[in-house]
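Shown next, in structure tokens, is the structure this report addresses.
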Amino acid sequence: MEIEVPHAWPDDEAEALRIQDALRPLVDTVGPGPRAPRTVAGVDVAYGADRPDGSTPVAAAVVVLDTVTLRPVATATAVGSTTFPYRPGLFAFRELPTVITALRSLHHTPDLLLCDGQGLAHPRRFGLACHLGVLTGLPTAGVAKNAFVGTFSGLGTERGEWAPLLDGTEVVGRALRTRSGVKPVFVSVGHAIDLATASRHVLALAPGYRLPETTRLADRLCRQVLRG
DNA sequence: GCGACAG
DNA sequence: ATCTTGTCGC
């Protein structure tokens, strides 16, 4: 698919913050997004050992699933390297360049993109999923294994139950139980979709494990690519 | 000032 | 994220 990147990739923190500020107003937090997506893509990145020159090997994978069969219908991968260090809140600048490369080689445009990490549940309301949504124009949502900002309480123990993720009084996402008795995942809006719709799709994509099949398959693929 | 901090 | 096999428990 075609992706226009409106900014150069920053090499320092201050520039990265400026880019987030500039792109944040472009996020569509209303949606409602696809009610019945036919395909959903999972995106993930794996890292190798830091090189002596300070760069880090990166492999990105995109796996498109048919929402009915939950089987892959298309995949794309890319390898690269990063010099941007890991900084909570600036995660996207470390991962997105290679992810964009992979997406550009994808011969299919999914109805929804699920990212590993946060969307609006971010200190400046512009997590990885928001950033990728703005760059691609596709509906996106974040599915994180841990909360970044926000707290929740009163979450039931059964699969399907959820509790709002609150940052002060603002709902920034949702703690969603995808497996009974197992730690929830943290869903937040990325772009062009609403929270309830995004959560519904995440639950449907995770019939057997805590993480949705999209991210499980993307995770497996990028690790495989990183090796050889 | 101290600790926390998506992947 | 990554370094890593078996193992305790439902």
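Any value given below was found using the heavy atoms of this structure, including those in side chains, with hydrogens, waters and symmetry copies removed. Every chain is numbered from 1 and lettered A, B, ... according to where its sequence line falls, protein lines coming before strand lines. Source: prediction; values computed, not measured.
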Distance-only side-chain donor-acceptor flag, A/Glu95 / A/Tyr86, under 3.5 Å = no
How long is the line joining [atom1] of [X] and [atom2] of [N], in whole Å?
{"X": "A/His122", "N": "B/dG7", "atom1": "NE2", "atom2": "P", "value": "13 Å"}
{"X": "A/Phe91", "N": "B/dG7", "atom1": "CZ", "atom2": "P", "value": "7 Å"}
{"X": "A/Phe93", "N": "B/dA6", "atom1": "CZ", "atom2": "P", "value": "17 Å"}
{"X": "A/Leu165", "N": "B/dA6", "atom1": "CG", "atom2": "C1'", "value": "12 Å"}
{"X": "A/Asp50", "N": "C/dC3", "atom1": "CG", "atom2": "P", "value": "12 Å"}
{"X": "A/Asp219", "N": "B/dG7", "atom1": "CG", "atom2": "P", "value": "11 Å"}
{"X": "A/Leu132", "N": "B/dA6", "atom1": "CG", "atom2": "P", "value": "19 Å"}
{"X": "A/Arg51", "N": "C/dT2", "atom1": "CZ", "atom2": "P", "value": "15 Å"}

Structure string for DNA chain C in dot-bracket form, Watson-Crick and G-U at under 3.5 Å, | interchain | ..........
Does [N] have its OP1 or OP2 closer than 4.0 Å to a side-chain nitrogen or oxygen of [X]?
{"X": "A/Arg223", "N": "C/dT2", "answer": "yes"}
{"X": "A/Asn146", "N": "B/dC5", "answer": "no"}
{"X": "A/Tyr86", "N": "B/dA6", "answer": "yes"}

Students often get this wrong, so: under 4.0 angstrom with heavy atoms, is [X] touching a base, only sugar-phosphate, or nothing?
{"X": "A/Leu226", "result": "nothing"}
{"X": "A/Gly48", "result": "nothing"}
{"X": "A/Ala121", "result": "nothing"}
{"X": "A/Ala49", "result": "nothing"}

[Y]/[X] salt bridge by N-O under 4.0 Å criterion:
{"X": "A/Lys145", "Y": "A/Asp116", "value": "yes"}
{"X": "A/Asp167", "Y": "A/Arg125", "value": "yes"}
{"X": "A/Arg177", "Y": "A/Glu158", "value": "no"}

What nucleotide, of [options], holds the atom closest to the side chain of [X]?
{"X": "A/Gln118", "options": "B/dA6, B/dG7, C/dT2", "answer": "B/dA6"}
{"X": "A/Arg94", "options": "C/dT2, B/dA6, B/dG7", "answer": "B/dG7"}
{"X": "A/Glu95", "options": "B/dA6, B/dG7, C/dT2", "answer": "B/dG7"}
{"X": "A/Lys145", "options": "C/dT2, B/dC5, B/dG7", "answer": "B/dG7"}

Please round to the nearest 0.5 Å and tell me the distance separating atom CD1 of A/Ile193 and atom CG of A/Leu112.
-> 4.5 Å
Side chains of A/Asp194 and A/Val30: closer than 4.5 Å at any heavy-atom pair?
-> no
Report yes if some heavy atom in the side chain of A/Leu165 is under 4.5 Å from a heavy atom in the side chain of A/Thr151; otherwise report no.
-> no
Under the side chain to side chain contact (heavy atoms under 4.5 Å, CB included) rule, what do A/Asp11 and A/Phe84 come out as? Steps first, then yes or no, please.
-> CA-CA 6 Å; A/Asp11 34 39; A/Phe84 202 93; 5.7 Å; no
A/His131-A/Phe93 aromatic ring centre distance below 6.0 Å | yes
What about A/Trp162 and A/Leu120, same hydrophobic cluster or not, with Ile/Leu/Val/Met/Phe/Trp/Tyr joined at side-chain heavy-atom distances under 4.5 Å?
-> yes
How does DNA chain B look in dot-bracket notation if pairs are Watson-Crick or G-U with both distances under 3.5 Å, crossing ones as [ ], other-strand ones as |?
-> .......
